[in-house]
Amino acid sequence: MITVSNVSLRYGDRKLFEDVNIKFTPGNCYGLIGANGAGKSTFLKILSGEIESQTGTVQLGPNERMAVLKQNHFEYEEQEVLKTVIMGHTRLYQVMQEKDAIYMKDPFTDEDGMKAAELEGEFAELNGWEAEPEAAILLKGLGIGEDLHYKKMAELTGSEKVKVLLAQALFGRPDVLLLDEPT
Ligand SMILES: Nc1ncnc2c1ncn2[C@@H]1O[C@H](COP(=O)(O)OP(=O)(O)O)[C@@H](O)[C@H]1O
Ligand SMILES: [Mg+2]
């Protein structure tokens with residue numbers, strides 16, 4: 001669920017939104033329609049937190065996670081395909097990176113050990129052990145074969161990149177999925 005309260009935004013003299021109040025409730029699929037330049041993309045960016053409105057708030061339901069289909073197809077050029085999919089779950093990916101970093105530490109202190117245990121706990125809670133197989137299944141379902149899973153995004157064709165980004169958005173079953181003009 002997304003609750004939008006009193007959201008306003010203007011660019012210079014141009015008022016895009018004034019006191020917008022709307023609730024997007026679970027189980028539904030909503031379409032946002034408007035002329036070119038009306039502010040559809042801007043509204044989605046406000047919902048995702050990419051930009052801030054000048055007044056008002058946007059709230060996600062408790063414990064809900066939002067995913068966004070990236071429009072910049074070249075955002076992950078240096079990343080591996082499988083990893084790019086997992087990056088769709090921001091917190092899980094962050095935990096994985098912190099874990100990797102802490103195990104590289106030398107000396108490895110007691111404090112590092114405690115932190116590592118904490119990270120392992122969160123990793124398990126977020127289904128971290130299932131992340132790679134789940135990402136691989138999503139990719140395969142979209143027609144991205146295993147031969148591509150460990151390649152860099154830069155090596156993929158345009159349409160393959162779009163499929164990987166779609167897998168990224170779907171990864172880990174987000175509660176809310178935002179798609180801005182997906183082709
Ligand atoms: N960062 C910005 N600074 C100033 N004006 C902007 C900015 N981003 C978008 N706009 C303007 O806001 C309006 C809405 O843009 P946008 O949300 O992209 O429209 P839509 O997605 O409905 O086509 C347009 O007139 C656009 O030029
Ligand atoms: Mg747009």
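Sequence positions, counted from 1, serve as the residue numbers for this chain. Both ligands and their constituent atoms are indexed starting at 1 by order of listing.
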Could you identify the single nearest non-hydrogen protein atom to atom 19 (O) of ligand 1 and state the distance to 0.1 Å? G39 N, 3.3 Å
Looking at atom 11 (C) of ligand 1, what's its closest protein heavy atom, distance included? Y11 CD1, 3.9 Å
For E75, does the CD atom sit with more than 12 other heavy atoms under 6.0 Å from it, leaving out its own atoms? yes
Sequence neighbours left out, what pairs pass side-chain hydrogen bond (donor to acceptor under 3.5 Å, both in side chains) with at least one residue falling in residues 137-149? K140-E146
Any N/O/S atom, backbone or side chain, of T42 lying under 2.8 Å from the Mg ion (ligand 2)? no
Spell out, yes or no, whether L44 and V176 are grouped together once hydrophobic residues are joined by side-chain heavy atoms under 4.5 Å, including indirect joins. yes
Looking at side-chain heavy atoms only, is the closest gap between E118 and E122 below 4.5 Å? no
Give the residue, atom name and distance (to 0.1 Å) of the protein heavy atom nearest atom 22 (O) of ligand 1. K40 N, 2.7 Å
Considering only protein heavy atoms, which is closest to atom 17 (O) of ligand 1, and at what distance to one decimal place? T42 OG1, 2.5 Å
Please report the closest heavy-atom contact between D112 and K105, naming both atoms and the distance. OD1-NZ, 3.0 Å
Under-4.0 Å heavy-atom contact with ligand 1, by part of D180 that carries it: neither
Around atom 25 (O) of ligand 1, find the nearest protein heavy atom and jot down its residue, atom name and distance. R14 NH1, 2.6 Å
Which option wins on minimum heavy-atom distance to atom 13 (C) of ligand 1: S41, G37, A35? G37
What atoms of ligand 1 come closer than 4.0 angstrom to any heavy atom of N36? 23 (O)
Which word best sums up how the rings of F43 and F17 line up, parallel for under 30°, tilted for 30 to 60°, or perpendicular for over 60°? tilted
Atom 27 (O) of ligand 1 touched by protein heavy atom at under 4.0 Å: no
State plainly whether one hydrophobic cluster holds both L69 and Y30, where clusters connect Ile, Leu, Val, Met, Phe, Trp and Tyr through side-chain heavy atoms under 4.5 angstrom apart. no
